[in-house]
Amino acid sequence: MNDSVEDAWVKKWEALGIFKAEVDKYKDKVFVTFPIPYMNGPLHLGHAFTASRVDSYAKYKKLNGFNVLYPQGWHWTGQPIVSAAERLAKGDEKMVKEFKEIDKVPDEILEKFKDPVFMAKYYTERNREAMKKLGLGIDWRREFVTTSYDERFSSFIEWQFLTLREKGYVTKGSHPVVWCPRDKSPVGDHDRLQGEGVFPVEFRLIFFKLKDEESYLVASTLRPETIFGVTNIWVSPTLTYVKAKINDKVWIIGKSAVERLKDQLFEVEVISEIKGNELIGKKAIAPLVNKEIPILPASFIDPDIGTAVVYSVPAHAPYDYLALRDLQKSGYKDAQGISPISIIEVEGYGEFPAVEEVEKLKIKDQNDPNADVATKNIYSAEFRKGVLKQNCGSYAGLSVNAARKVVYEKLEELGLATSMWELPEPIICRCTTRCHVKILQDQWFLKYSDERWKEAARECVRTMKIYPEEARQWFLDVIDWLNDYPCARQSGLGTPLPWDKNWLVETLSDSTVYMAYYTIAHRLKKYNREQLKKELYDYVFFGKGDPSIIASITGIPENEVREMREEFLYWYPVDLRVSAKELVPNHLTFFIFHHVALFEKNHWPKAIAVNGMLRVEGEKMSKSKGNVITIEEGIKEFGADALRIALLSSSEYMDDANFKREYARAIKERIAKILQEIDQDLKSSTNRDKNDYDTWLLNMVSKVSKDIQENMEKMNIKLSVTEAFFIMDNAYKDYKKFVNSNINHTVLKDFIKYWAIILAPFAPFTAEEMYQKVGEKDSVFLENWPSGIQYEEVKDVEIELVNRLVEDIKEVIKIVKKKPTQITVFVLSKDDSINFVNGKAEKDVLNKFMKIKVSMPDLLKNYIGKIEEKEVYEKHLDYIMRQVGVPVNIKSVSDASNEEAQRAKNALPFKPAFVFK
RNA sequence: GCGGGGGUCGCCUAGCCUGGUCAAUGGCGCGAGGCUUAGAACCUCGUCCCGUUGGGGUGCGUGGGUUCAAAUCCCACCCCCCGCACCA
């Protein structure tokens, strides 16, 4: 099938209005959705995979008599489009290359990409075409884009957020983020050169009062419980420190910590600078233990982490032990008397875990990178199994885990501890600047932590259908874990928050209930933004207010206002939303939260289907690997239907799918072959009488159509497409073998027509072609799913018996390695078989029979003793002989000659004996 | 670390929920034959081991268990993949 055939069908569907969804009160509806994709590039096979699943389900439902709505919009909200445009404007060569080579953007278009809105528009156009070519049955009248560039949609988002705020789900607060001081913006995982997966952790700051001075050395640590083992303080002799008034105390900290503390809302007033070595030799008081300890020099201190002041616990911290050992080795006087103090009992270690680890890993000194490994080992061992020893006062006996919390709380109560956010590992922004943590103030949050809200979301998850079932627990876990979520940004594209226009509603928050907007999107296009007031949406979605009053304040005719409400009520709720599993912990869960917050229970989503991620030739798709296949390319190479079948049959449930070019190519060939054979067979077939093989073929249709009905309801699309394409094709081939190419024309036409309908959800273009070939007009999508085809089980049983006989004979021919000239098959009579069933037979044959019977399919078991086998084999003798390639005759066991009797008596019910000559 | 998914015959993949039809599905690869001037495509057959009558052995990450019967159920272990928030 070539492009022009596919394009012609797309045009015809549009002309016939096949996928336009109108309210029809006499029909049950199904509303399906695919998430709006982000328009920073062409859609790829991952999108095609999920969208094909949505589409197959939609088409399947349509063929089963449902009124189906499948709309599509586009996501423009967020930063990446803007960033890409900026980088292009700056002439970023890597970026230019990606757009040209991977996205295949022509030069004259690329020039205009420095305008992010142009870029988004361009991809929207291109991707709409790609979706059409893929054969998706979308009602395009309801299309929208997010952000203020679609002012009608924007008015809807304003309504959504005003309503959420009214209901108390929006709050203001502050939040720590990874921050690039150069870009002055938060740095997400994907914007990092280094430090992917690193997120801020809370470091504890502990105050050590300098002896005889009113200032405090402020040490940073993750392990406040180790204060009981402190022996000294480390500072770097070469670093610059500052004395600064912070909040109500005078702190001594590394100079580089000042900016970070300021970004975390500490009020910092630097008094003076001090060199590290000026501090060395002084003494400080350790809090809680009230002990005087020396300040010593160390080289392992990282000025970019914490305060560049560290308190030393050599028994449990490898760096501390190493620094101490280094110092003692060099003969440093103040270090000589210091020995580790063991305070934690931990399984697998003796008194001094740090010493043991250092020796085990043969770590040379404090600059050895292995010291990190040692630190991690002890950290995790002590965290999981450590218990504080007797020398920890009232904290003795507590687990490390518990002590960490209570010791800190005690110190905080004494005014001798506070905390700051810190990055446990360095993060480098794409702009090559090292990042730190900043606390953003006055952020707008969605209160996902609200227990009432969570409970409603849980209820929704519990009552909806989720495919596959395993995903349900995942949703419940996410709901538990979810915390307040910042829902507005200050950069990128989006809709301004209606009450605080400096902020834009962020991308995961403006894409949660737009499905409701689809129901009226096409109607709203007649009106301008000023008319789309909150009152209108309140009425349409909640039934609040009086339509005549709403008509007067919006200028929208009252009947139109009422019809919008009716259309919403008709289509809502969403019956199925499909996405890849990566959206479970974010988008899909937010989708649930917002629905339960805004809508009545009967408008909560009915079902979610989750699928795996798509890989290409076993590898994750990514621009950097250069293995991204766009939908456009896929269609060009394989055709839409082969692409769809290859994708749909590549995985089920949450398994990752694997797209293989060879497989898609094989399907492409097979489709072409099928269409070609249909032409030939329709020509060569005749009006001969109907026989058992014809019945068998229609039996297959009956079984397959039923199987698919069962599987589609569970979103088992892989199984369904396997039946609709592969099993049906095999049945077609087998049928032709059975009838030896003497095809019944009427049966063939019926079969092809049914096949077209069954295949239509998965391979719509091929289905239409098949449908035309048997003389049908218009579109296969105006048909009904084949049901009520008569199924004659006994014919299946007979053919199964014949096939088993053929297999057995072939097997024996293979073993004896010699083709016989004549085969005689000996069959038990019906009465003999009944005797077997009743246990009346010689013991050893009976045992053999029982063994075979156990492993017989139920279909056959039920017919033992109910069929005269001889008649069956005689009826199909032609076929049997063709298959085995040797003359065959059928005899009753009782008619065996003396020389044949030896073999003939091995015959069992449904297992004839045979003699070769 | 927390959470989710998974390990099947050279490779990819089905089966597992509801145990016997499972030496196990389909595709690729490979081998033989057909078609062809030749090749490609296509078609037929074969593709764990043994076996001159339809049988037997081994086998579905590893080790145990339940059962007349386990790829399928239970337990433990090993390994792989994915998500973890200001990112769409």
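Lettering of chains follows the sequences in order, A, B, ..., and the numbering in each one begins at 1.
- When both distances must be under 3.5 Å, the Watson-Crick or G-U wobble mate of B:C42 is B:G34.
- Of the C1' atoms belonging to B:G56 and B:U67, the separation is 23 Å, rounded to the nearest Å.
- Comparing the P positions of B:A71 and B:A23 gives an interatomic distance of 9 Å, to the nearest angstrom.
- Using the six-membered ring where Trp is involved, A:Phe659 and A:Phe638 have ring planes that are perpendicular, over 60° apart on the 30 and 60° scheme.
- Between B:A24 and B:G10, the two P atoms lie 15 Å apart (nearest whole Å).
- Taking atom C1' in both B:U44 and B:C50, one finds a spacing of 27 Å when rounded to whole Å.
- Only the C1' atoms considered, B:C12 is 14 Å distant from B:G7, to the nearest whole Å.
- Within 4.0 Å (heavy atoms only), A:Leu440 reaches no atom of the nucleic acid at all.
- Nucleic acid contact for A:Gln79: sugar-phosphate only, since backbone atoms but no base atoms lie under 4.0 Å from a heavy atom of the residue.
- Between A:Asn730 and A:Met39, the residue anchored closer to the 5' end of RNA chain B is A:Asn730, taking for each the nucleotide with the nearest heavy atom.
- Pairing for B:C2 is with B:G83, a Watson-Crick or G-U wobble pair whose two hydrogen-bonding atom distances lie under 3.5 Å.
- In terms of heavy atoms, A:Phe49 sits closest to A:Leu647 at CE1-O, 3.3 Å.
- A salt bridge does not link A:Lys668 with A:Glu637: every distance from a Lys NZ or Arg NE/NH1/NH2 to an Asp or Glu carboxylate oxygen is 4.0 Å or more.
- At the heavy-atom level, A:Thr722 lies nowhere under 4.0 Å from the strands shown.
- For the C1' atom pair drawn from B:C68 and B:C17, the interatomic distance equals 24 Å after rounding to whole Å.
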